[in-house]
Amino acid sequence: MRIKTVLSESEIPKQWYNLAADLPSPLQPPLGPDGNPITPDMLAPVFPMNLIEQEASSERWIDIPEEILNILYKWRPTPLHRAKALEDYLDTPARIYYKNESVSPPGSHKPNTAVAQAWYNKEFGIKKLTTETGAGQWGSALAFASAIVGLECKVYMVRISFDQKPFRKTMMQTWGATCIASPSDTTNAGRAILEKMPDTPGSLGIAISEAIEEAVSDEKGETRYSLGSVLNHVLLHQTIVGLEVKKQLEKAGENKVDTVIGCCGGGSNFAGLAFPFVNDKIHGEEIDIIPVEPTSCPTMTRAPFVYDHGDTAKMTPLLPMFSLGHDFIPPPIHAGGLRYHGMAPLISQAIVEGLLTPQSIHQLECYESAITFARTEGLICAPETSHAIAATIREAKKAKEEGKEKVIIFNFSGHGLLDLAGYKNYLAGNLEDYPLPEEEMKKSLKSIEGLPKPKKEKTGKW
Amino acid sequence: MDRYDNEKIYCRKLGHWLTFHYCHRENNGLPCRKILDCWFEKIPVKEFLKENYTKEEISYIFNSSKPKITSLIEIIEQAKKRSDKIP
């Protein structure tokens with residue numbers, strides 16, 4: 001039996017897939033703070049025009065530049081694994097596959113877009129990228145990409161995380177990035193905070209504000225801001241994951257996929273695996289496509305479809321997305337990538353259409369699944385990846401109950417070797433489940449009252 | 001004020017364990033607006049707030065938006081001026 005299916009470099013997909021071209025109902029336009037649709041020139045201060053064009057593109061296939069492929073070859077194509085040991089443990093008739101994105105240098109799927117963004121920025125004449133980070137996964141991916149492409153990179157890391165998460169910081173510095181504690185004295189936003197509170201531990205909202213301010217205020221116009229999730233072009237760059245999987249499944253002799261699963265925070269790792277399969281579903285295939293989120297931080301399974309800002313500082317554009325409101329702060333869960341409170345607009349629209357069937361899972365079940373996976377398949381997953389594993393185990397058990405030989409695929413989006421504190425707490429019995437109470441949900445939603453609500457456009461086919 | 005400072009909790013925003021000391025100054029020196037939701041089961045956090053903050057401060061923490069350090073519009077206007085200079 002084949003456990004690992006690999007592609008040669010010559011077999012790597014040469015184009016990204018853009019779901020916007022195939023969505024049966026149109027994507028709602030992003031809105032500015034005044035409620036009017038934003039225009040490309042409004043984004044130009046923070047993104048290069050070549051990426052803005054991708055952001056707004058409705059082309060189905062977008063060529064991956066050869067120079068980007070040459071960088072991706074460092075770890076791509078990534079292997080597709082058959083989780084035979086997990087299948088045996090579960091005694092399921094399902095065939096379980098996982099796409100191993102943890103083999104990238106920073107250990108997650110995030111460099112797929114970090115490399116592309118860095119390259120397009122360089123092509124546009126940009127010399128320096130800025131971004132913000134909490135625990136450091138995105139910051140380290142962008143630091144890696146900037147080093148390879150040849151850009152300066154500055155990462156604003158929340159001061160307290162900067163002090164408490166030294167290894168991600170060291171990764172960023174090793175790749176040559178400047179990782180600076182936020183608030184810093186290099187921006188007006190940071191200085192204003194520091195003047196008032198010299199010993200402040202910082203916050204994510206401040207870090208985003210600093211990163212954007214640095215990009216916007218560069219008088220030479222050589223600095224831009226980079227975001228690792230949510231936006232269309234970010235999801236586009238990730239589709240290489242699912243496109244590789246389709247080729248690998250064919251090699252593995254699988255003709256039909258039943259279930260596609262990915263954890264879903266801002267949406268990029270889920271979209272990367274799932275969007276090529278969503279295309280199949282749009283064109284008639286019967287596939288269950290499941291984005292998974294924590295029960296304690298539901299954005300897809302319980303919140304209404306509204307416009308919302310992407311950050312607490314309300315500095316990012318208004319985008320149509322499933323959201324708990326910009327004031328919402330998720331409850332304690334060790335899954336950095338799942339902490340974004342709003343879902344990517346493309347994913348939101350696919351949910352509205354009925355193309356996706358979101359699930360939410362409690363963190364204790366996720367950690368239990370992660371442990372099972374580690375003890376069968378051997379890999380220690382990132383906390384957010386454990387949601388996909390938990391959903392996969394649920395589906396595999398369901399297949400057993402139904403006696404069906406289903407083919408299930410999930411995205412192993414990252415390893416957890418720098419996030420062992422959550423495992424430690426789980427193993428010590430210190431974690432607890434925290435379903436979001438209705439009252440808290442109502443309170444959170446109050447913060448978005450008055451914001452414009454988009455029309456729910458759907459064809460009703462799914 | 002520092003009575004509970006060494007109590008630990010898993011931070012909802014940052015993804016690692018923190019002490020109460022962080023939570024009551026995260027928001028521009030004032031408590032994080034989620035302080036009640038995170039801590040109500042562990043310490044008498046309502047009483048803590050009443051003892052240490054004015055009504056105006058509590059209102060600011062829980063009822064107002066987080067202060068905009070710089071607004072998107074201001075940044076975009078600055079960027080438009082700057083982008084004209086890009087060759």
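In what follows, chains carry the letters A, B, and so on, assigned in the order in which the sequence lines appear, proteins first and then strands, with residues in each chain numbered from 1. No experiment lies behind these values; they were computed from the predicted model shown.
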| Rounded distance [0.5 Å steps], CZ in B:Arg25 versus CD1 in A:Ile160 | 7.0 Å
| note | Taken to the nearest 0.5 Å, the spacing of B:Tyr22 OH from A:Gln164 CD works out to 9.5 Å
| said: Counting neighbours of CD on B:Glu47 that are heavy atoms of other residues, nucleotides or ligands and sit closer than 6.0 Å, is the number greater than 12? | reply: yes
| Can you tell me if NZ on A:Lys127 sees more than 12 non-hydrogen neighbours from other groups inside 6.0 Å? | no
| Hey, does A:Thr200 have a side-chain heavy atom less than 4.5 Å from the side chain of B:Glu26? | no
